Amino acid sequence: MARRYTSDLTWDDVTPKELYLNRRQIMAGAGAMLGAGLIGGGARAQGDLEPNTFEEITTYNNFYEFGTGKDDPARNAHMMTTQPWSIVVDGMVDNPGTYSFEEIVAGMTIEERIYRFRCVEAWSMVIPWNGFELADLLARVGVQEGARYVAFETLVRPEEMPGVRVPVLDWPYREGLRLDEAMHPLTIMATGIYGEPMPNQNGAPIRLVVPWKYGFKSIKSIVRITLTDEEPYASWNAAQPREYGFYSNVNPNVNHPRWSQASERRIGGGLFARRIDTLMFNGYEDEVASLYEGMDLAEFF
Ligand SMILES: Nc1nc2c(c(=O)[nH]1)N[C@H]1C(S)=C(S)[C@@H](COP(=O)(O)O)O[C@H]1N2
Ligand SMILES: [Mo]
């Protein structure tokens with residue numbers, strides 16, 4: 001299958017060279033992940049691209065089902081059973097059903113995507129995901145005419161998820177995309193990082209990654225995908241509509257009511273790390289701006 005997207009980031013943006021070389025050896029047997037379609041495309045100037053290690057990506061997380069602290073997921077997510085795993089695909093599709101994780105992944109081209117990842121809380125990382133384009137899955141299940149949105153739901157299992165016993169959100173965690181956003185080649189279903197299966201704290205076994213939107217849109221540990229003609233319920237939007245819009249495209253010019261979104265703290269930069277400028281659409285403006293032509297980005301935030 002032809003690659004439709006080439007990352008503007010390279011391994012140099014992800015992690016220190018030593019760790020990269022080290023990991024290359026560790027993963028020598030891990031198959032064709034590394035070097036597949038990904039190398040090439042100069043790094044776009046973006047202040048400092050501070051590196052992110054596997055450890056940073058897996059110990060500084062937001063996954064409220066396991067607690068609201070940044071290190072709660074790393075401590076608690078091991079309790080989540082991810083095998084077997086199945087996803088209900090329903091709504092306006094030709095082939096609705098309950099698909100096992102293995103069925104979903106079979107036939108998909110797993111590729112590597114090194115993306116900027118920008119949390120609405122104004123921290124960011126650069127993460128090497130492995131996954132496939134959501135568009136490929138949607139093509140397989142057959143989107144029916146009239147469908148305009150895709151809704152997603154996360155697992156809720158109180159006995160394995162201490163955080164869902166606390167009503168910080170109206171569980172299950174839910175998110176949604178407009179169909180054209182879901183079909184965009186940058187939008188992936190991620191099944192791993194660094195060529196390894198997705199760690200539980202990052203949303204095992206499968207999660208959404210939408211790199212031009214604030215991190216909370218990238219819903220983890222997905223158990224349901226629904227095609228619909230109505231704007232789906234989205235947990236953060238429902239909890240605080242003034243603070244978290246349905247679109248939530250990264251935009252340095254539209255501040256959160258309680259803080260500026262003009263800059264961000266790149267995790268791993270150390271105690272005295274300088275903040276870097278936040279980029280329009282998180283640096284993916286050329287690829288996605290056309291999706292929002294004619295929309296007032298301050299109104300539809
Ligand atoms: N189910 C679920 N998905 C979620 C969250 C969550 O709490 N629960 N947090 C979101 C937020 S706020 C962010 S910033 C990212 C964090 O992803 P990471 O921990 O892999 O960096 O996941 C998003 N997806
Ligand atoms: Mo976030």
Side-chain angles (χ1 to χ4, degrees), residues 14 52-77 80 82 85 87 113-131 151-158 160-177 187-194 196-225 232-240 243-245 248-250 256 258-259 261 264-268 278 282:
V14 177
N52 286 105
T53 62
F54 184 85
E55 172 154 32
E56 283 159 359
I57 297 168
T58 57
T59 58
Y60 190 94
N61 299 100
N62 277 336
F63 200 163
Y64 278 16
E65 286 85 337
F66 296 102
T68 55
K70 291 288 178 274
D71 55 352
D72 286 339
R75 206 177 22 249
N76 294 330
M80 176 170 64
T82 59
W85 191 272
I87 300 183
R113 297 284 178 92
I114 300 177
Y115 284 160
R116 281 175 286 275
F117 189 86
R118 173 42 162 97
C119 176
V120 72
E121 299 163 334
W123 54 265
S124 67
M125 298 201 206
V126 173
I127 303 182
W129 305 104
N130 309 106
F152 305 86
E153 245 181 68
T154 295
L155 177 75
V156 187
R157 200 178 278 152
E160 298 182 358
M161 295 173 143
V164 305
R165 298 173 210 148
V166 187
V168 272
L169 287 172
D170 177 18
W171 312 109
Y173 195 105
R174 280 161 283 176
E175 260 307 337
L177 296 174
T187 302
I188 59 168
M189 297 290 283
T191 55
I193 56 171
Y194 275 101
E196 296 185 12
M198 189 67 75
N200 281 10
Q201 55 267 44
N202 294 84
I206 187 165
R207 57 104 45 98
L208 183 70
V209 177
V210 193
W212 71 93
K213 292 178 179 286
Y214 291 120
F216 67 84
K217 296 294 290 182
S218 292
I219 181 173
K220 296 177 168 181
S221 302
I222 292 170
V223 294
R224 183 180 219 107
I225 300 175
Y233 181 98
S235 293
W236 281 106
N237 177 238
Q240 283 299 345
E243 302 195 352
Y244 309 104
S248 282
N249 295 317
V250 175
H256 187 280
R258 291 183 280 131
W259 59 83
Q261 295 291 27
E264 64 201 50
R265 181 172 58 94
R266 180 59 54 77
I267 299 299
T278 290
N282 206 24

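The structure displayed is predicted, hence computed values, not measured ones. Ligands are counted one by one from 1 in listed order, and the atoms in each one are counted from 1 as well.
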Distance to 0.1 Å, residue and atom name: give those for the protein heavy atom nearest to [atom].
atom	answer
atom 8 (N) of ligand 1	Glu65 OE1, 2.8 Å
atom 24 (N) of ligand 1	Ser218 O, 3.0 Å
atom 18 (P) of ligand 1	Lys220 NZ, 3.4 Å
atom 9 (N) of ligand 1	Asn62 O, 3.2 Å

Mind listing the closest non-hydrogen atom pair of Asn282 and Trp212 along with its distance?
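Distance-wise, the nearest heavy atoms are CB-CA, 4.0 Å.
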Over all heavy atoms of both residues, which pair between Ile87 and Ile222 is shortest? Give the atoms and the distance, please.
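Scanning both residues, the minimum pair turns out to be CG1-O, 3.4 Å.
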Nearest neighbour of atom 23 (C) of ligand 1 from the list Gly163, Ser221, Gly215, Pro199, on a heavy-atom basis:
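Of the listed residues, Gly215 has the closest heavy atom.
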Closest candidate by heavy atom, reference atom 10 (C) of ligand 1, pool Trp171, Phe117, Tyr173:
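Nearest option to atom 10 (C) of ligand 1, by heavy atoms: Tyr173.
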Short side-chain to backbone donor-acceptor contact, Asn130 and Thr191, under 3.5 Å:
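Absent.
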Provide the number and element of each atom of ligand 1 under 4.0 Å from a heavy atom of [X].
X	result
Tyr64	6 (C), 7 (O)
Asn202	18 (P), 20 (O)
Thr154	1 (N)
Cys119	14 (S)

Counting only nitrogen or oxygen atoms and a 3.5 angstrom limit, does Arg207 reach ligand 1?
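Between Arg207 and ligand 1 (N or O atoms, distance only) the closest approach is under 3.5 Å.
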Kindly confirm or rule out an N or O of Trp236 lying under 3.5 angstrom from an N or O of ligand 1.
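Among all N and O atoms of Trp236, none is under 3.5 Å from an N or O of ligand 1.
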For the pair Arg118 and Thr278, evaluate side chain to side chain donor-acceptor pair (under 3.5 Å) and give the outcome as yes or no after the intermediate values.
CA-CA 9 Å; Arg118 173 42 162 97; Thr278 290; 3.1 Å; yes
Evaluation steps, salt bridge (Lys or Arg N to Asp or Glu O under 4.0 Å), between Lys70 and Glu121
CA-CA 12 Å; Lys70 291 288 178 274; Glu121 299 163 334; 3.1 Å; yes
Does the side chain of Met189 reach to within under 4.5 Å of the side chain of Leu208, using non-hydrogen atoms?
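The answer is yes, as the side chains (C-beta and beyond) meet within the 4.5 Å cut-off.
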Angle class for the Trp123/Phe117 ring planes (parallel below 30°, perpendicular above 60°, tilted otherwise)?
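Ring orientation of Trp123 relative to Phe117: tilted.
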Option passing ring pair (Phe, Tyr, Trp, His ring centres under 6.0 Å) with His256 (candidates Tyr244, Trp236, Phe216):
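Among Tyr244, Trp236, Phe216, the one that satisfies the ring pair (Phe, Tyr, Trp, His ring centres under 6.0 Å) with His256 is Tyr244.
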